[in-house]
There are 2 protein chains.
Amino acid sequence: MEAGMAVETIQREMTVFARRARASAGRLHPELSLVSYTLLGHLEERDGCRATDLAAHYALDKSTVSRQVAALERTGLVERRQDPEDHRVQVLLLTEAGRHILGQVTVSRRAAVGERLADWSQEDLERFAGYLVRYNAWPRSG
Amino acid sequence: MEAGMAVETIQREMTVFARRARASAGRLHPELSLVSYTLLGHLEERDGCRATDLAAHYALDKSTVSRQVAALERTGLVERRQDPEDHRVQVLLLTEAGRHILGQVTVSRRAAVGERLADWSQEDLERFAGYLVRYNAWPRSG
DNA sequence: AGTACTGGTTGCAGAGTACAACTCGCGCGG
DNA sequence: CCGCGCGAGTTGTACTCTGCAACCAGTACT
């Protein structure tokens, strides 16, 4: 395989994945959209953060994040807390309910993804995961 | 790394990629949405196919594909041709203009993606591409 | 012929998104 | 202290993508 070819394959296959993920997310978990899920996931991973951080990480407009967070707060999955240091910022935190839902969805998603990865060797899994992390670690969007 | 952990990382990182891809696609090529781009790409790869095939491959509803294709036809990037064998089906083909645009976008996208992959070894690139293909080859959506 | 199936279009409704304009709070140079 | 710019977040608006359901047209099997 030539280098440009591999790059193109990577880009094409990532996109296929993206489309299918969106589709299956809606079907499997009507209660939690893919966007909401990823936002909650980020909150859990970072143990709380600002709306702006979410926007930056997912290359979303701050207005989009604002609305998503508002919805998540309405359904009681996240909680906002004023930063005592700076009254402009709101620290976003998972509520107990949020943590619970996220756990459930994660389990069933892991099952779905795990099914396709069932016959992969542990070595391949780790290498694949490592490649993805490395790819996304690049600061610029792409 | 434990197996479930790797699976979760894979799923999370793929999603991050998906979100960023969407964002940058809209910014870099206002003339060709990410969806349109992928559809054109598929048409090129397969050298023409039916709308239903596109829907199945990207886990999209046929109505969505129908509309996307209609738009692409309106802008002269694809051409529909009645299948003489079966008058229900329309074979979709890239026009010359479509092939041209696709080429341009592919080049600039490859540049953007290639930048992040610039310092990867050829071996890693190929292995990464191989993993993605293998992942997506699974018949069920996920 | 009649029934079931397939490919595709259209009406509708909802989610996600960006952009622009705005408010509010912080910090800095007069 | 005051005004000015900046950063965080919200709201108004408009648009795209999407799925579902209802539908039409053509095919296939009996």
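No experiment lies behind these values; they were computed from the predicted model shown. Convention: sequence-line order gives letters A, B, ...; per-chain numbering from 1. Below, all heavy atoms of this structure are taken into account, side chains as well, without hydrogens, waters or symmetry copies.
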Below 4.0 angstrom from OP1 or OP2 of D:dT16, is there any side-chain N or O of B:S33?
-> no
Once you round it to whole Å, what is the distance between P of C:dA15 and CZ of A:R74?
-> 10 Å
So does A:T64 get a side-chain nitrogen or oxygen closer than 4.0 Å to the phosphate oxygens (OP1/OP2) of C:dG16?
-> no
Decide yes or no for A:L117 and A:L125: does some side-chain heavy atom of the first lie under 4.5 Å from some side-chain heavy atom of the second?
-> yes
Does A:S63 put a side-chain nitrogen or oxygen below 4.0 Å from OP1 or OP2 of C:dC19?
-> no
Taking atom C1' of D:dG9 as reference, at what distance in whole Å does atom CG of A:L60 sit?
-> 15 Å
Per the atom types in the model, does the base of C:dG14 pair as donor or acceptor with the side chain of A:R67 at under 3.5 Å?
-> no
B:R20 to A:Y58 six-membered ring, cation-pi geometry met (6.0 Å, 45°) = no
B:H87 NE2 to D:dC24 P, straight-line distance once rounded to whole Å = 21 Å
Of A:Q90 and A:R22, whose closest DNA chain D nucleotide lies nearer the 5' terminus?
-> A:Q90
Using a cut-off of less than 4.0 Å, is there contact between a side-chain N or O of A:T52 and OP1 or OP2 of D:dG7?
-> no
A:D61 CG to D:dT16 C1', straight-line distance once rounded to whole Å | 15 Å
Do the side-chain N and O atoms of A:Y37 and A:T106 include a donor-acceptor pair separated by under 3.5 angstrom?
-> yes
Taking for each residue the nucleotide of DNA chain C with the nearest heavy atom, is it A:S36 or B:V69 whose nucleotide lies nearer the 5' end?
-> B:V69
Could you tell me whether A:R127 sits above the aromatic face of B:Y131, with NZ or CZ closer than 6.0 angstrom to the six-membered ring centre and within 45 degrees of the axis?
-> no
Mind calculating the distance between NZ (B:K62) and C1' (C:dG11) to the nearest angstrom?
-> 14 Å
Between the base of C:dT6 and the side chain of B:R88, is there a donor-acceptor distance below 3.5 Å?
-> yes
C:dA15 P sits how many Å from A:L32 CG, rounded?
-> 14 Å
Quickly work out the B:Q82 CD to D:dG26 P distance and round it to whole Å.
-> 9 Å
Let me know, please, whether B:P84 or A:D86 comes out on the 5' side of the other along DNA chain D by nearest nucleotide.
-> A:D86
Residue pair B:R50 / B:L92, side-chain heavy-atom distance below 4.5 Å | no
